[in-house]
Engineer: 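I have a structure here, written as structure tokens, and I will follow up with some questions on it.
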Amino acid sequence: MTNDFTLFGPAHLQTLGLLALVGVAAVLTARRAGDETRRRLRLGLAFALVACHLTEYTVALWQGWYRIQMLPLEMCDLAAAFGIYALLARDPRAAGPAWFFALSGTLPALITPELNVTFPHVRFVVYFLEHGLTVITPLVLVIGLGIVPPAGAWFRAALVLNAFAAFNGVLNVTLGTNFMYLSHKPYGPTPYDWFPPWPAYIGVLEVLVLVLFRLLQVPLSALDRGRIVDES
């Protein structure tokens with residue numbers, strides 16, 4: 001299969017720029033709008049995320065390019081699931097995993113996607129919509145709506161991710177899949193290329209995830225302190 005996708009090519013950069021503008025607009029709307037508009041934004045984001053995933057599976061089955069590897073068992077899928085629930089329930093405990101998983105895992109997947117098609121192919125459109133909305137969701141939840149995860153959220157998110165990885169590891173051995181890239185590195189150019197060969201890179205990823213999660217906790221702690229001061 002020919003690879004029509006160009007990393008950091010015009011289609012890629014323009015799409016990233018558009019998603020950034022949408023993200024900024026969504027966060028500003030969440031911060032400044034009234035309660036009814038904020039409710040519609042929450043429900044709209046949740047509906048859009050669900051619709052993107054269903055569209056991908058439906059079109060893939062219809063056109064014959066559905067693969068078992070497309071099952072929603074990646075870190076990005078987990079981020080989207082927590083994000084959808086947090087949008088609907090306004091639950092800070094769910095906003096935490098959405099924040100950590102999306103900003104440490106889904107955001108890099110936007111920057112270095114594993115794609116072999118470009119715009120206007122449906123896979124290109126759905127991929128960037130899914131991943132873009134998954135990243136925008138926790139930003140809207142935390143920065144826009146003030147749904148700040150509780151203290152220690154980074155550690156709880158790390159426990160959830162490791163449990164999910166253990167499940168996927170067993171599944172990969174059973175089905176011959178590569179969920180969460182636990183069996184081998186991605187085929188395209190990604191940050192994984194900087195890591196040692198399998199299985200050593202899994203240990204590197206574990207350390208990197210813990211460091212990133214702890215760093216991502218810093219703005220949450222600052223927002224939480226600011227909220228306490230405002231309420232006092």
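Any value given below was found using the heavy atoms of this structure, including those in side chains, with hydrogens, waters and symmetry copies removed.
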Engineer: Who pairs with Ile84 by side-chain contact (heavy atoms from CB on, under 4.5 Å), at least two apart in sequence or on another chain?
Structural biologist: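 Listed in chain order: Ala46, Leu49, Val50, Leu88.
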Engineer: At what distance, to the nearest 0.5 angstrom, does CG of Leu71 lie from CG of Leu171?
Structural biologist: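 Between Leu71 CG and Leu171 CG, I get 7.5 Å after rounding to 0.5 Å.
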Engineer: Taking atom CG of Asn168 and atom OG1 of Thr174, what is their separation to the nearest 0.5 Å?
Structural biologist: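 Rounded to the nearest 0.5 Å, the CG-OG1 separation comes out at 11.0 Å.
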Engineer: Taking all heavy atoms of Met180 and all of Ala165, pick out the closest pair and write down the distance.
Structural biologist: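 Heavy atoms of Met180 and Ala165 come nearest at SD-CA, 3.8 Å.
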Engineer: Considering residues at least two apart in sequence or located in another chain, which fulfil the ring-ring contact (aromatic ring centres under 6.0 Å, His included) criterion with His53?
Structural biologist: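 With sequence neighbours excluded, His53 shows a ring-ring contact (aromatic ring centres under 6.0 Å, His included) to no residue whatsoever.
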Engineer: Go through the structure and list residues passing side-chain contact (heavy atoms from CB on, under 4.5 Å) with Pro10, not counting sequence neighbours.
Structural biologist: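 For Pro10, the residues satisfying side-chain contact (heavy atoms from CB on, under 4.5 Å) (neighbours in sequence not counted) are Gln14.
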Engineer: If you take all heavy atoms of Pro186 and Tyr192, which pair is closest and at what distance?
Structural biologist: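 Closest pair (atom of Pro186, atom of Tyr192, distance): CD-CG, 3.5 Å.
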Engineer: Are any of the side-chain heavy atoms of Thr118 and Thr6 separated by less than 4.5 Å?
Structural biologist: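 Side chain of Thr118 against side chain of Thr6, heavy atoms only: no contact under 4.5 Å found.
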Engineer: Between Pro108 and Ser104, which heavy-atom pair has the shortest distance, and what is it?
Structural biologist: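 The pair with the smallest heavy-atom distance is CG-O, 3.3 Å.
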Engineer: What distance separates Arg39 CZ from Leu145 CG, expressed to the nearest 0.5 Å?
Structural biologist: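 One gets 13.0 Å once the value is rounded to the nearest 0.5 Å.
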Engineer: I need the Leu139 CG to Leu103 CG distance, nearest 0.5 Å.
Structural biologist: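 Taking CG in Leu139 and CG in Leu103, the distance rounds to 5.5 Å.
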Engineer: With a cut-off of 6.0 Å (strictly less than), are more than 12 heavy atoms of other residues, nucleotides or ligands near OH of Tyr66?
Structural biologist: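 Yes, OH of Tyr66 has more than 12 neighbouring heavy atoms, counting only those of other groups under 6.0 Å.
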Engineer: Counting only heavy atoms not in Phe119, do more than 12 fall under 6.0 Å of its CZ?
Structural biologist: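 No, not enclosed.
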Engineer: List the atom pairs, with distances to 0.1 Å, where a side-chain N or O of residues 23-31 and a protein N or O form a donor-acceptor pair under 3.5 Å, not counting sequence neighbours.
Structural biologist:
| unit_1 | atom_1 | unit_2 | atom_2 | d |
| --- | --- | --- | --- | --- |
| Thr29 | OG1 | Ala25 | O | 2.7 |
| Arg31 | NH1 | Ile143 | O | 2.9 |

Engineer: Considering residues at least two apart in sequence or located in another chain, which fulfil the ring-ring contact (aromatic ring centres under 6.0 Å, His included) criterion with Phe5?
Structural biologist: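 Expected list: His12.
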Engineer: Would you say Pro149 and Val142 make side-chain contact, with heavy atoms under 4.5 Å?
Structural biologist: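 Pro149 reaches Val142 side chain to side chain.
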Engineer: Taking the side chain as every heavy atom from C-beta outward, state whether Val173 and Ser183 have any atom pair closer than 4.5 Å.
Structural biologist: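 No, side chains not in contact.
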Engineer: Shared ILVMFWY cluster between Val135 and Leu21, side chains joined below 4.5 angstrom?
Structural biologist: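 Per the 4.5 Å side-chain linkage, Val135 and Leu21 are not co-clustered.
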Engineer: Under the salt bridge (charged side-chain N to carboxylate O under 4.0 Å, His left out) rule, what pairs show up with a residue in residues 65-91, not counting sequence neighbours?
Structural biologist: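 Every pair satisfying salt bridge (charged side-chain N to carboxylate O under 4.0 Å, His left out) with a residue in residues 65-91: Asp91-Arg93.
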Engineer: Not counting sequence neighbours, which residues clear ring-ring contact (aromatic ring centres under 6.0 Å, His included) with Phe179? List them please.
Structural biologist: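 If we apply the ring-ring contact (aromatic ring centres under 6.0 Å, His included) test to Phe179, skipping adjacent residues, there are no hits.
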Engineer: Name all residues meeting the side-chain contact (heavy atoms from CB on, under 4.5 Å) criterion together with Arg40; count only those two or more places apart in sequence or in a different chain, and write none if there are none.
Structural biologist: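 Scan of Arg40 (side-chain contact (heavy atoms from CB on, under 4.5 Å), adjacent residues dropped) gives Glu36.
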Engineer: Tell me, please, which residues at least two apart from Phe164 pass ring-ring contact (aromatic ring centres under 6.0 Å, His included).
Structural biologist: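 Per chain and number, Phe164 pairs via ring-ring contact (aromatic ring centres under 6.0 Å, His included) with no residue.
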Engineer: How long is the gap from OH on Tyr201 to CG on Asp193, to the nearest 0.5 Å?
Structural biologist: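 Spacing of OH (Tyr201) from CG (Asp193) equals 11.0 Å.
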Engineer: Through direct or indirect side-chain contacts below 4.5 angstrom among Ile, Leu, Val, Met, Phe, Trp and Tyr, which residues connect to Val207?
Structural biologist: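 In the cluster with Val207 are Val211, Leu215.
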Engineer: Calculate, to the nearest 0.5 Å, the distance between atoms CD and CG belonging to Glu130 and Leu110 respectively.
Structural biologist: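 Answer rounded to 0.5 Å: 10.5 Å.
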Engineer: For Ala79, which residues count as a side-chain contact (heavy atoms from CB on, under 4.5 Å) partner, sequence neighbours excluded?
Structural biologist: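 For Ala79 the side-chain contact (heavy atoms from CB on, under 4.5 Å) partners, ignoring immediate neighbours, are Phe101, Ala102, Thr106, Thr134.
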Engineer: Measure from the side-chain N and O atoms of Trp198 to the backbone N and O of Leu182, and report whether any donor-acceptor pair falls under 3.5 Å.
Structural biologist: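 Present.
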Engineer: What pairs of donor and acceptor atoms, side-chain ones from residues 55-63 against any protein atom, are under 3.5 angstrom apart with sequence neighbours left out?
Structural biologist:
| unit_1 | atom_1 | unit_2 | atom_2 | d |
| --- | --- | --- | --- | --- |
| Thr55 | OG1 | Ala51 | O | 2.7 |
| Thr58 | OG1 | Leu54 | O | 2.7 |
| Gln63 | OE1 | Trp65 | NE1 | 2.7 |

